[in-house]
Undergrad: 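Input: one structure, supplied below.
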2 protein chains.
Amino acid sequence: METKDILSRRGIAPSLTRLKIYEYLRAASHPSVDEIYQNLKEEIPTLSKTTVYNTLHLFVEKDLAKALFTDFSKNRYDIKDVPHAHFHCTECDEIHDIHEITPPRIAEDAIEGYLAKEAQLTLKGVCPRCRRQNTNSQ
Amino acid sequence: METKDILSRRGIAPSLTRLKIYEYLRAASHPSVDEIYQNLKEEIPTLSKTTVYNTLHLFVEKDLAKALFTDFSKNRYDIKDVPHAHFHCTECDEIHDIHEITPPRIAEDAIEGYLAKEAQLTLKGVCPRCRRQNTNSQ
DNA sequence: AAATAAAACTGTAATGATTACAAGGGGGTG
DNA sequence: CACCCCCTTGTAATCATTACAGTTTTATTT
Ligand SMILES: [Mn+2]
Ligand SMILES: [Mn+2]
Ligand SMILES: [Zn+2]
Ligand SMILES: [Zn+2]
């Protein structure tokens, strides 16, 4: 399906800016607002960072994207897609998709009294590349 | 075990400030830096917010506490204790412990190439109190 | 095609969390 | 008492995010 249609079907007008932000988010790996902004402003020189914020908020509201849970100070975003876990490398701060492990599927009423909508599973540790570098430099 | 000993055995000098911060963190529910600061400065009028930051960083480094993964702008902290999941209410922004569900126990080498150290499982939705309020106000 | 209204986008300023850094202070050791 | 270490403090700088008002673009109506 075309990006244009993905946005339209969620009631989002498919402006050029929104298409580009959506496609960047889809292709990149859990980018921050600033990463999106820095990269797209080459193509769209008039782009404003506020627009990136606005657009991501819109995507999250319309359930096209989600903000990742992290413990560093800037948010990362991800396309809503097949469920998967995330691995947060504490050395390089990259976030990798882990499809071998999935967050448990929680029914909305699984926890007495609560209304559960979404589950995120995040692992923390050292990624393959950083492990290799550590070994080599010893 | 006394708080003093808990700190000492990790190689942390048990100063009054550190004891109080540790005990606040233990008793409170996933406080932010500012919450800890605001509450403790009644008892310790000379307390500096920098000290709260320093102390929490130290606790995390020494594996006494951990920073929670969230998608809002200020970090929340938790005592390292029995594994449990967290529920993040999108209405009131409170974080509740969920002991009925636990993050999967991941072996260090569970994912090919990675070194996994820790797993956090976070649910998102509406907490019981906010659900009741929503119903009442309709 | 001009007029109008709605929506999208921009730039700047304000806010808030976090970090950087340099200096103050207090207790133990010689 | 002098010295040192490390805990603590206060201020300034940095960075992410939000608030907001104004401008541009797009769609709709006349
Ligand atoms: Mn992902
Ligand atoms: Mn907890
Ligand atoms: Zn890495
Ligand atoms: Zn709530």
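Reminder, nothing fancy here: chain letters follow the sequence lines and each chain counts from 1.
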Undergrad: To the nearest 0.5 angstrom, please state how far the NZ atom of A:Lys20 sits from the CG atom of A:Leu47.
TA: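 Rounded to the nearest 0.5 Å, the NZ-CG separation comes to 12.0 Å.
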Undergrad: Counting N and O atoms only, with roles assigned by atom type, does the side chain of A:Gln120 sit under 3.5 Å from a partner on the main chain of A:Phe69, one being a donor and the other an acceptor?
TA: yes
Undergrad: Name the orientation class of the two ring planes belonging to B:Tyr22 and B:Phe59 (parallel below 30°, tilted from 30 to 60°, perpendicular beyond 60°).
TA: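 Correct class here is perpendicular.
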Undergrad: Which nucleotide span of DNA chain C, 5' end to 3' end, has atoms closer than 4.0 Å to non-hydrogen atoms of chain A?
TA: C:dA8 to C:dT12
Undergrad: Heavy atoms only, 4.0 Å cut-off, all strands: where does B:Ser32 land among base, sugar-phosphate and nothing?
TA: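 Answer is nothing: B:Ser32 stays at 4.0 Å or more from every strand.
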Undergrad: Mapping B:Ser73 and B:Thr17 onto DNA chain D by nearest heavy atom, which one lands closer to the 5' end?
TA: B:Thr17
Undergrad: B:Ile12 or A:Arg76: which one's nearest nucleotide on DNA chain D is closer to the 5' end?
TA: B:Ile12
Undergrad: Drop me the distance from A:Arg26's CZ to A:Asp78's CG, to the nearest 0.5 angstrom.
TA: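 Result: 9.5 Å between the selected atoms.
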Undergrad: Under 30°, 30 to 60°, or over 60°: which ring-plane class applies to A:Tyr114 and B:His96, parallel, tilted or perpendicular?
TA: perpendicular
Undergrad: Over 60° means perpendicular and under 30° means parallel, so classify the ring planes of A:His30 and A:His86, tilted if in between.
TA: perpendicular
Undergrad: Between A:Asp71 and B:Lys66, does any NZ, NE, NH1 or NH2 come within less than 4.0 Å of an OD or OE carboxylate oxygen?
TA: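 Salt bridge flag = no for A:Asp71 with B:Lys66.
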Undergrad: Between which nucleotides of DNA chain D, read 5' to 3', does contact with chain B run, using atoms under 4.0 Å from its heavy atoms?
TA: D:dC7 to D:dT11
Undergrad: Please list residues of residues 53-70 of chain A whose heavy atoms come under 4.0 Å from any atom in DNA chain C, ordered by number; otherwise none.
TA: A:Asn54
Undergrad: Go nucleotide by nucleotide along DNA chain C from the 5' end; which of A:Thr51 and B:Thr50 gets its closest nucleotide reached first?
TA: A:Thr51
Undergrad: Under the side chain to side chain contact (heavy atoms under 4.5 Å, CB included) rule, what do B:Arg18 and B:Thr3 come out as? Steps first, then yes or no, please.
TA: CA-CA 10 Å; B:Arg18 287 167 173 174; B:Thr3 308; over 6 Å; no
Undergrad: Are any side-chain N or O atoms of B:Thr90 and backbone N or O atoms of B:Gly125, one a donor and one an acceptor, separated by less than 3.5 Å?
TA: yes
Undergrad: Indicate the atoms forming the closest heavy-atom contact of A:Tyr24 with A:Pro31, along with that distance.
TA: CE2-CB, 3.9 Å
